[in-house]
Amino acid sequence: RLRKWQERIRTKDAGERNLQFALSEIDRMASALGVPRSVREVASVLYRRALDEDLIRGRSIEGVATACLYAACRQEGIPRSLEEVTEVARIEQKEIGRTYRYVAQELSLAMEPTDPKEYLPRFASELDLSEEVIAKARELVDASAEQGLLSGKSPSGFAAAAIYAASLLCNEKKTQREVADVANVTEVTIRNRYQEQIEAMDLGI
Amino acid sequence: MTDPKETINIENVVASTGIGQELDLQSVAMDLEGADYDPEQFPGLVYRTQNPKSAALIFRSGKIVCTGAKSTEDVHESLRIVFDKLRELDIKVEDEPEIVVQNIVTSADLGHQLNLNAIAIGLGLENIEYEPEQFPGLVYRLDGPEVVALLFGSGKLVITGGKEPEDAEKAVDKIVSRLEELGLLE
DNA sequence: GCTTTAAAAAGTAACGT
DNA sequence: ACGTTACTTTCAAAAGC
């Protein structure tokens with residue numbers, strides 16, 4: 001009786017402490033990633049849902065919290081790549097990706113692949129590129145995606161190539177290295193795609 | 001039109017068997033040249049055959065896993081070689097241990113580029129996994145046959161999880177007809 | 001869940017030259 | 001800017017942690 005009561009309090013306290021820990025971790029990572037408060041709120045809601053659905057069993061709180069934040073960024077249209085999330089997380093990328101897939105499946109999140117265009121504003125802003133470059137990059141992404149060049153390619157690499165190509169076309173040139181650095185991809189990836197994106201857009205015009 | 005089924009190629013066959021005899025892997029490792037055995041790392045002894053090319057994992061219990069062969073025929077040939085090698089070490093091996101194929105990996109080509117984004121939505125996001133940031137292939141789990149297909153933008157695909165070559169053919173037929181009814185082939 | 005084996009697909013990354 | 005090597009994903013079995 002008394003022991004059971006104490007146990008319930010203990011369990012409740014532990015659960016409450018774990019939830020607070022998860023939410024504070026989401027807050028910490030969200031701040032480090034520089035995403036708006038709305039994303040943290042969506043991530044928190046996802047985490048509570050995961051908790052309600054018992055998805056934490058056999059997984060780390062840290063992992064589920066991180067996966068929820070990654071999913072929330074995507075749902076809110078301001079994606080952070082797994083690599084970027086990993087930089088502020090305390091678990092490895094492979095585990096974040098695996099947990100994200102599990103949570104997305106169990107909560108029926110119906111996540112569509114990230115649209116490369118959602119990366120454009122951030123990349124352009126970090127490179128001090130104009131609105132004109134963003135518009136041109138959008139054209140490049142749409143034209144090349146329409147011609148089937150997007151299948152299988154990483155959204156951030158695709159966006160990076162479009163930003164680089166657009167900066168050339170708009171006479172606001174940035175080097176491949178500068179674009180690669182803000183996008184967290186290699187110069188090789190940009191080099192391998194920007195040319196065909198320009199060709200795709202020229203064909204479409 | 002080339003039937004995509006004609007492009008199916010078996011890339012790997014995994015099978016298990018057993019000699020019905022316990023083994024002292026430490027001594028087998030000493031006597032069998034080319035054997036890799038590091039019990040700290042993995043409980044099985046690794047023995048590779050050259051013709052056909054394959055790798056056999058031999059366990060203390062006498063059970064053996066063979067992988068890397070390009071056909072069911074090659075699996076039997078590889079294991080025949082392994083059995084004979086063990087017999088040379090004066091280890092008793094049944095005449096014809098039962099060999100069970102556990103998995104067949106095949107590749108094929110649908111002959112058309114694929115719009116994976118459209119296919120992901122067409123097949124239903126809840127039925128597939130497509131995370132191009134992590135892997136370029138779209139993962140599609142079929143009900144019958146029970147196999148997993150990896151679809152690529154090039155139109156090529158990998159089918160794994162099947163236990164017989166027919167599973168891959170059935171899978172390709174199902175995938176082709178599903179994509180056709182969705183109007184996403186070609 | 002992990003450890004090991006093999007194999008394909010295509011993309012990306014990290015080396016060295 | 002090459003080339004090479006290697007990692008990502010899927011699958012199954014084995015014995016043991």
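Below, chains carry the letters A, B, ... as their sequence lines are ordered, and counting in each starts from 1. These numbers come from the heavy atoms of this one structure, side chains and all, not from hydrogens, waters or symmetry mates.
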Taking Watson-Crick and G-U wobble contacts under 3.5 angstrom, with | marking pairs to another strand and [ ] crossing pairs, the secondary structure of DNA chain D is written ||||||||.|..|||||
Any ion pair linking B:Glu11 and B:Lys70 (charged N to carboxylate O, less than 4.0 Å)?
yes
Provide the start and end nucleotides, 5' to 3', of the part of DNA chain D that has atoms under 4.0 Å from heavy atoms of chain B.
D:dT8 to D:dG16
Salt-bridge test for B:Arg80 and B:Asp84: reply yes if a basic N is under 4.0 Å from a carboxylate O, no otherwise.
yes
How long is the line joining CD of A:Gln93 and P of C:dA13, in whole Å?
10 Å
Starting from the 5' end of DNA chain C, give me the residue, B:Asp36 or A:Glu83, whose nearest nucleotide shows up first.
B:Asp36
Is it the case that the side chains of B:Ser54 and B:Thr49 hold a donor-acceptor pair, with the cut-off being a distance below 3.5 Å and no angle test?
yes
D:dC2 versus C:dA8 - spacing of their C1' atoms, nearest Å
26 Å
With sequence neighbours excluded, give me every salt bridge (Lys or Arg N to Asp or Glu O under 4.0 Å) pair touching residues 195-205 of chain A.
A:Arg193-A:Glu196
So, are A:Arg177 and A:Glu187 salt-bridged, with charged N and O less than 4.0 Å apart?
yes
Is there any protein nitrogen or oxygen under 3.5 Å from a nitrogen or oxygen in nucleotides 8-12 of chain C, and what are the pairs?
from   : atom 1 : to       : atom 2 : distance (Å)
C:dA10 : OP1    : B:Ser154 : OG     : 2.3
C:dG11 : OP1    : A:Lys153 : NZ     : 3.4
C:dT12 : OP1    : A:Ser154 : N      : 3.0
C:dT12 : OP1    : A:Ser154 : OG     : 3.4
C:dT12 : OP2    : A:Arg193 : NE     : 2.9
C:dT12 : OP2    : A:Arg193 : NH2    : 2.6

Please determine whether a side-chain nitrogen of the Lys or Arg among B:Asp167 and B:Lys163 lies less than 4.0 Å from a carboxylate oxygen of the Asp or Glu.
no
Can a side-chain donor-acceptor contact be found between A:Ser130 and A:Glu172 if the only test is distance below 3.5 angstrom?
yes
For a quick test of reading the model, state the closest non-hydrogen atom pair linking B:Val75 to B:Ala15 and the distance between them.
CG1-CB, 3.6 Å
Quote, to the nearest angstrom, the P distance that separates C:dA13 from D:dT9.
15 Å
Is the CD atom of A:Glu126 crowded by more than 12 outside heavy atoms at less than 6.0 Å?
yes
Side-chain N,O (A:Arg191) to OP1/OP2 (C:dA13) below 4.0 Å
no
Tell me, which of residues 45-66 of chain B have any heavy atom that sits under 4.0 Å from an atom in DNA chain D?
B:Leu57, B:Phe59, B:Arg60, B:Ser61, B:Lys63, B:Val65
I'd like to know if B:Arg48 pairs up with B:Asp36 as an ion pair, taking the criterion as any Lys NZ or Arg NE/NH1/NH2 lying under 4.0 Å from an Asp or Glu carboxylate oxygen.
yes
Using heavy atoms and a sub-4.0 Å distance, could you list which residues of residues 86-104 of chain B are near DNA chain D? By number, please.
B:Gln102, B:Asn103
